[in-house]
Amino acid sequence: MQINLDHTINSGQVFLWEKFDSVWYGINGGDVLAVDADNPKLVSSFVKSDYDLFRDNDEFNHVIKSISKDKTIKDATRKFSGLRLMRQDPFQCYISFIASSNSNLQNIKSSLKNITKKFGDKVKFNNKEFYTFPEPKKLAKATKQELLSCGLGYRVPFVMKASNLVSTSHIDFDYLKKADYLTAKESLLQVFGIGDKVADCILLFSLEKLEAFPLDRWIIRSLQQYYPGRFSFEGKTITKNKYQTLHQEIVQYFGPYAGYCQQFLFKLIRESNQKKWL
DNA sequence: TACTAACCTGTACG
DNA sequence: ACGTACAGGTTAG
C-alpha cells in the first residue's frame, strides 16, 4: 500500500519536519532526511543510513486488517490511507515528548527547533541549511539559562535530568528496545518529567512497542466520541490508575497493533476539530 | 490511595 | 487594546 507522507507527518508523531516544494525534510537525531511526498519510498539522508523509516517490515496490509475491528477504524484507515508510524531516533523522541507536556504544537516545535539551533550541528544538505538534534552528552552539558532561552519553561529541569540519565547510560535505549512493553515503560516512568502518556509516546514512536497507546486529551475525546460506553471513563481527565485499566481494555479490543489505531484516532479527532499541523 | 492545584510560555479569543 | 483561558501532562501536596 502507498505511503501518504502528508498524512504520516501531519499526525502528531514528529515535530521537526518541514516541506519545501514537494519534498519533506526532517531532523532525525544526527541525521537529516529528505523524502519526496510523491515518491516516499526514496529516502535520502545527510548521513548514510538505511533504517526502515516507515516500518515496511510491519506488513502494513496485515496491520490494517488486524486493527479493523469496527466501522470507525475501517473508515479512518480508508480516509487516511497511507498513514504510517515512523521509526524515530529515540533520544530526540524522548526529549521531544518530555518537552510536549501541557504545551501545544506550535510551542513544542519552537522549543525543539531552538534546541537544535543552540546545541545541534549545522549541516548543508540539498543546498539548504539544517541543524541536527544534539547528542545526549551535548544536551546534558546545557545550562539552565540556555535551556530556558529555548522556551521550555518549567520543563527545563525535566530535560536536564533526562539528558543526564541517557548520557550516563542509566537509560539505555537499545536495552529498552529489547525489553518487553511493561518493563520498558517502568524504566521510563522513573525519569523525572515522564508520566504515562509521554512514556507511551516514546515507546510507540521510537522503541518498537506497538501495543503502546498514548492516552492524551485528544484521544480521550476521540474515544468518547466514537466509542461511547465501550471503555471505562469517568470525567475528562484521566488518573494514574484509570490509565492502566483503560490501556488494558484498549489492547484487548484493538489487539497487538493498538498503537496504529491511536494514530488514526488522533488524526481523526484533530481533523474534525480543524486543528493545525506542521 | 485518590484527587487537585500549580506550572513556563506563546497565542487565540473576548 | 489588554486581560484571560488554555494547550499533545506531570509533579507535589
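Just so it is clear: chains get the letters A, B, ... in the order the sequence lines come, proteins before strands, and each one is counted from 1.
- Rounded to an integer number of Å, the gap from CG of A:D216 to P of C:dG9 is 6 Å.
- A cation-pi contact, defined as under 6.0 Å to the ring centre and within 45° of the axis, links A:K267 to A:W277.
- The phosphate of C:dT10 has neither OP1 nor OP2 within less than 4.0 Å of any side-chain N or O from A:R217.
- If you measure from atom CG of A:L152 to atom P of B:dT9, you get 9 Å, rounded to the nearest angstrom.
- Screening A:F158, A:F205, A:F91 for a ring pair (Phe, Tyr, Trp, His ring centres under 6.0 Å) involving A:F97 leaves a single residue, A:F205.
- Computed from coordinates, the A:Q190 CD to C:dT11 P distance equals 10 Å when rounded to whole Å.
- Between A:S11 and A:G193, the residue anchored closer to the 5' end of DNA chain C is A:S11, taking for each the nucleotide with the nearest heavy atom.
- For the residue pair A:D180/A:T183, the side-chain donor-acceptor check at 3.5 Å is satisfied.
- Side chain of A:E211 to main chain of A:G255: no donor-acceptor pair is present (N/O by atom type, distance under 3.5 Å, no hydrogens or angles).
- B:dC3 and C:dG8 are spaced 22 Å apart, taking the C1' atom of each and rounding to whole Å.
- Close to B:dT11, at under 4.0 Å from its OP1 or OP2, lies no side-chain N or O of A:N104.
- Across C:dG8, B:dC3, C:dT11, the shortest atom-to-atom separation from the side chain of A:T239 is found for B:dC3.
- Mapping A:V191 and A:R270 onto DNA chain C by nearest heavy atom places A:R270 at the nucleotide closer to the 5' end.
- Distance A:L268 CG to C:dG8 C1': 16 Å, rounded to the nearest Å.
- Here A:F97 lies out of heavy-atom contact (under 4.0 Å) with every strand.
- Nearest to the side-chain atoms of A:K275 among the listed nucleotides C:dG8, B:dT9, C:dT11 stands C:dG8.
- Residue A:L215 contributes atom CG, which lies 11 Å from atom P of C:dT10 at whole-angstrom precision.
- At the heavy-atom level, A:I194 lies under 4.0 Å from the strands shown only through sugar-phosphate atoms.
- Cation-pi check for A:K161 over A:F192 is met; the charged atom lies under 6.0 angstrom from the ring centroid and within 45 degrees of its normal.
- Nearest to the side chain of A:L148, among B:dA2, B:dT9, C:dG9, sits B:dT9.
- Nucleotide B:dG14 forms a pair with C:dC2, judged by Watson-Crick or G-U wobble geometry with both contacts under 3.5 Å.
- A donor-acceptor contact under 3.5 angstrom links the side chains of A:Y181 and A:D200, judged on distance only.
- When each of A:G151 and A:N241 is assigned the nucleotide of DNA chain B with its nearest heavy atom, A:N241 is the one assigned upstream, toward the 5' end.
- Residue-level contact check: A:I219 touches neither bases nor backbone, having no heavy atom under 4.0 Å from any strand.
- Rounded to a whole angstrom, the distance from the P atom of C:dT4 to that of B:dA6 is 16 Å.
- Within 3.5 Å, no donor on the side chain of A:N102 pairs with an acceptor on the base of C:dT10, nor the reverse.
- With a cut-off of 3.5 Å on both pairing distances, C:dG8 has no Watson-Crick or G-U wobble partner at all.
- Judged by distance alone, with hydrogens and angles left aside, A:Y154 brings a side-chain donor or acceptor within reach of the base of C:dG9, the pair sitting under 3.5 Å.
- Out of C:dG8, C:dA7, B:dT9, the shortest distance to the side chain of A:K197 is found at C:dG8.
- Atom CG in A:N107 sits about 18 Å away from atom P in B:dC7, given to the nearest Å.
- The gap from the P atom of C:dC2 to that of B:dC8 amounts to 26 Å, rounded to the nearest Å.
- Taking only side-chain nitrogens and oxygens, A:R155 never comes nearer than 4.0 Å to OP1 or OP2 of B:dC7.
- In this structure, NZ of A:K276 is placed 12 Å from P of B:dT11, rounded to the nearest angstrom.
- Ring orientation note: the planes of A:Y260 and A:Y257 are nearly perpendicular, at an angle over 60° on the 30°/60° scale.
- One interatomic measurement links the two molecules: NZ of A:K109 to C1' of C:dG8, which rounds to 14 Å at whole-angstrom precision.
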